[in-house]
Structure formats: structure tokens, C-alpha cells
Amino acid sequence: MRFFYRIMSSNKAKITEQADMIMDSEKYIDLYSQSRLNGYSSIDEHEQNFQILDKIASKLGRIEIIIRNRIDRKMSQSNKDWLFNLPDDIRLDVGDKT
């Protein structure tokens with residue numbers, strides 16, 4: 001009888017897990033959109049992409065800061081306010097001015 005109960009409990013757990021996975025995938029699609037997920041072979045692949053991004057994002061952020069600081073140092077040698085005195089053909093997107 002114990003063996004039968006274990007099998008039944010195991011099957012019930014699998015069914016519950018499958019139902020949870022279906023619900024989770026529906027929520028996942030709702031959160032990220034089907035059109036975005038269409039570019040991936042599965043939700044797992046989409047999650048793996050996030051894991052890769054997690055590994056490189058901080059490095060890219062550091063590189064961006066280093067490059068911006070080097071540009072600023074070099075440009076500031078000839079004009080301390082270089083960023084505010086750009087040629088007319090170079091426009092900065094400074095966001096909403098309201």
C-alpha cells in the first residue's frame with residue numbers, strides 16, 4: 001500500500017508541477033510579451049539570455065564610464081565647458097526640458 005501511495009503522490013506532484021509550469025509560462029508571456037519571446041526557441045533560452053546579460057552588464061557599464069571619463073578629460077584640456085559648447089551640427093538629447 002505504501003508503494004501505491006508513493007506512486008499516486010508522485011503523479012499528483014507531477015501534475016501539480018505541470019499545471020504550475022503552464023500558469024508560470026502564461027504569466028511569463030504576459031510579462032515579456034509573445035512577440036519578444038518569438039525570437040527565442042523557449043522560455044528557458046530567454047532566461048539563459050538574461051543570465052548572459054547579467055554576467056556582462058556590469059562590465060559594459062564600467063567600460064562606458066571609463067570611456068566617458070577619458071573623453072571628458074581629453075576634451076577638457078582645450079575647453080573645460082566643451083560639452084556645453086558643441087558645434088551646431090552636434091546635438092545632445094538632454095531629455096524633456098519642461
Side-chain angles (χ1 to χ4, degrees):
M1 188 70 166
R2 267 189 182 158
F3 180 72
F4 180 72
Y5 179 73
R6 275 193 222 148
I7 291 174
M8 291 299 290
S9 294
S10 175
N11 287 341
K12 186 177 180 181
K14 285 180 185 176
I15 291 168
T16 303
E17 183 178 315
Q18 289 171 346
D20 287 345
M21 287 175 60
I22 291 169
M23 181 61 82
D24 288 345
S25 67
E26 289 174 4
K27 287 180 184 178
Y28 197 90
I29 292 167
D30 184 49
L31 291 171
Y32 291 104
S33 84
Q34 186 64 57
S35 61
R36 176 182 176 81
L37 296 172
N38 286 341
Y40 297 89
S41 62
S42 67
I43 289 175
D44 287 337
E45 183 183 21
H46 189 247
E47 281 298 313
Q48 289 171 0
N49 188 48
F50 278 129
Q51 291 172 3
I52 292 168
L53 288 172
D54 285 345
K55 290 179 182 179
I56 64 172
S58 65
K59 292 174 182 145
L60 288 174
R62 290 172 188 260
I63 291 169
E64 177 191 357
I65 291 168
I66 290 168
I67 290 171
R68 282 189 297 147
N69 285 342
R70 288 192 173 190
I71 290 170
D72 183 59
R73 262 186 243 124
K74 187 68 174 172
M75 296 298 288
S76 292
Q77 288 175 354
S78 60
N79 180 358
K80 189 174 183 176
D81 294 322
W82 70 271
L83 188 59
F84 303 103
N85 298 308
L86 294 172
D88 291 336
D89 60 334
I90 299 176
R91 295 179 184 239
L92 296 179
D93 181 13
V94 292
D96 189 11
K97 295 180 182 180
T98 58

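We count residues from 1, following the sequence as given.
Following chains of ILVMFWY side-chain contacts shorter than 4.5 Å, one can reach Leu31 starting from Leu37, so the two form part of one hydrophobic cluster. Note: the hydrophobic cluster containing Leu53 also contains Leu60 (ILVMFWY, side chain heavy atoms under 4.5 Å, direct or indirect links). A continuous path of Ile, Leu, Val, Met, Phe, Trp and Tyr side chains, each step under 4.5 Å between heavy atoms, connects Phe50 with Ile43, placing both in one hydrophobic cluster.
Not counting sequence neighbours, the partners of Ser35 by the side-chain hydrogen bond (donor to acceptor under 3.5 Å, both in side chains) test are Ser33.
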Derivation of the side-chain hydrogen bond (donor to acceptor under 3.5 Å, both in side chains) call for Tyr28 and Glu47: CA-CA 11 Å; Tyr28 197 90; Glu47 281 298 313; 2.5 Å; yes

With side chain to side chain contact (heavy atoms under 4.5 Å, CB included) as the test, would you mind laying out the steps for Arg73 and Arg70 before giving the verdict? CA-CA 5 Å; Arg73 262 186 243 124; Arg70 288 192 173 190; 4.1 Å; yes

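Between Asp44 atom CG and Asn49 atom CG the span is 12.5 Å, to the nearest 0.5 Å.
Using modelled atom types, one side-chain atom of Glu45 and one backbone atom of Ser41 make a donor-acceptor pair closer than 3.5 Å.
Contact of the Gln34 side chain with the Asn38 side chain is registered, since non-hydrogen atoms from C-beta on lie closer than 4.5 Å.
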Only distances under 3.5 Å count here; give the side-chain donor-acceptor pairs of residues 74-85 to other protein atoms, sequence neighbours excluded, each with its distance to 0.1 Å.
from	atom 1	to	atom 2	distance (Å)
Ser76	OG	Asp72	O	2.8
Ser76	OG	Asp72	OD1	3.4
Ser78	OG	Met75	O	3.3
Asn79	OD1	Asp81	N	3.0
Trp82	NE1	Asp72	OD1	2.8
Asn85	ND2	Asp81	O	3.0

